[in-house]
Amino acid sequence: TTLGTVDNSGLRSVVIYLNPAKEYVILGNPGNIDLDKLEIYTLQGRLVQTLNLVNMGTEKQIEVSEFAAGTYLFRIYSENDSITKFVVKE
């Protein structure tokens with residue numbers, strides 16, 4: 001990678017579907033990448049939830065039914081990288 005540039009090409013295969021969501025979303029990991037954790041933030045930067053993703057396999061259901069309606073940032077971490085996805089809660 002170029003200095004100052006992050007290559008998250010491995011994490012690009014991670015998907016979140018059922019978005020927009022009402023009750024839950026599915027975190028899909030079709031490449032079975034070794035993920036560490038998921039942090040969920042409001043757009044204002046408040047940490048709402050942290051989930052352990054170690055040994056999660058290829059799919060994990062994430063409950064969002066208690067979240068207020070709005071847009072959330074899902075920050076997904078692997079050992080050496082991270083990627084952010086947006087989720088809309090209806």
Side-chain angles (χ1 to χ4, degrees):
T1 62
T2 306
L3 185 62
T5 308
V6 176
D7 178 14
N8 59 15
S9 56
L11 289 179
R12 284 194 199 127
S13 67
V14 175
V15 294
I16 296 176
Y17 54 97
L18 300 179
N19 187 13
K22 292 184 192 290
E23 301 295 320
Y24 63 90
V25 294
I26 303 290
L27 176 64
N29 182 11
N32 205 16
I33 299 164
D34 289 332
L35 301 177
D36 289 335
K37 67 179 177 176
L38 165 67
E39 294 176 343
I40 303 172
Y41 293 90
T42 64
L43 287 181
Q44 293 74 35
R46 184 175 65 86
L47 179 63
V48 176
Q49 188 174 16
T50 302
L51 295 170
N52 183 345
L53 299 179
V54 175
N55 299 320
M56 72 159 263
T58 57
E59 277 193 353
K60 182 172 184 73
Q61 182 172 307
I62 300 164
E63 204 53 53
V64 296
S65 59
E66 300 296 318
F67 292 9
T71 303
Y72 293 84
L73 296 144
F74 279 50
R75 188 90 175 152
I76 302 154
Y77 293 87
S78 66
E79 184 178 355
N80 300 314
D81 212 351
S82 66
I83 193 167
T84 302
K85 306 272 186 176
F86 292 90
V87 172
V88 176
K89 166 64 168 69
E90 294 185 326

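The model shown is predicted, which means the values in this text are computed figures rather than measured ones.
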With side chain to side chain contact (heavy atoms under 4.5 Å, CB included) as the test, would you mind laying out the steps for Ile26 and Gln61 before giving the verdict? CA-CA 5 Å; Ile26 303 290; Gln61 182 172 307; 4.0 Å; yes
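- By the salt bridge (Lys or Arg N to Asp or Glu O under 4.0 Å) test, Glu23 is found to be paired with no residue, residues two or more places apart in sequence or in another chain being considered.
- In this structure, Leu51 is a member of the same hydrophobic cluster as Val48, with clusters built from ILVMFWY side-chain heavy atoms closer than 4.5 Å.
- Nearest heavy atom pair, residue Ser13 against residue Gly31, reads OG-N, 4.3 Å.
- Hydrophobic clustering of Ile, Leu, Val, Met, Phe, Trp and Tyr side chains at less than 4.5 Å, counting indirect connections, unites Met56 with Val64.
- Applying the salt bridge (Lys or Arg N to Asp or Glu O under 4.0 Å) rule to Glu90 yields the partners Lys22; only residues at least two apart in sequence or on another chain are considered.
- Taking a 6.0 Å sphere around CG of Asp34, one finds it holds 12 or fewer heavy atoms contributed by other residues, nucleotides or ligands.
- Note: Glu39 CD to Thr84 OG1 = 9.5 Å, rounded to the nearest 0.5 Å.
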Leu43 vs Phe86, side chain to side chain contact (heavy atoms under 4.5 Å, CB included): CA-CA, chis, key distance, verdict: CA-CA 10 Å; Leu43 287 181; Phe86 292 90; 4.2 Å; yes
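- Lys89 contributes atom NZ, which lies 7.5 Å from atom OH of Tyr72 (distance to the nearest 0.5 angstrom).
- Formation of a donor-acceptor pair under 3.5 Å by the Asn29 side chain with backbone atoms of Val14 is not found in this model.
- Residues Val87 and Phe67 share a single hydrophobic cluster, defined by chaining ILVMFWY side chains whose heavy atoms lie under 4.5 Å apart.
- By the criterion of side-chain heavy atoms lying less than 4.5 angstrom apart, applied directly or through intervening Ile, Leu, Val, Met, Phe, Trp or Tyr residues, Ile40 is grouped together with Leu35 in one hydrophobic cluster.
- A distance-only check finds a donor-acceptor pair linking the side chain of Asn19 to the backbone of Val88 [under 3.5 Å].
- Both Leu73 and Leu47 are members of a single hydrophobic cluster when ILVMFWY side chains are connected at heavy-atom separations under 4.5 Å.
- Note that the CD1 atom of Ile76 and the OG atom of Ser82 stand 9.5 Å from one another [nearest 0.5 Å].
- A cation-pi contact, defined as under 6.0 Å to the ring centre and within 45° of the axis, is absent between Lys85 and Phe74.
- Here the CG-CG distance, from Asn32 to Asn55, works out to 9.5 Å after rounding to the nearest 0.5 Å.
- Rounded to the nearest 0.5 Å, atoms CG (Asn80) and CG (Asp36) are 9.0 Å apart.
- Between the CG atom in Leu27 and the CD1 atom in Ile62 there is a gap of 4.5 Å [rounded to 0.5 Å].
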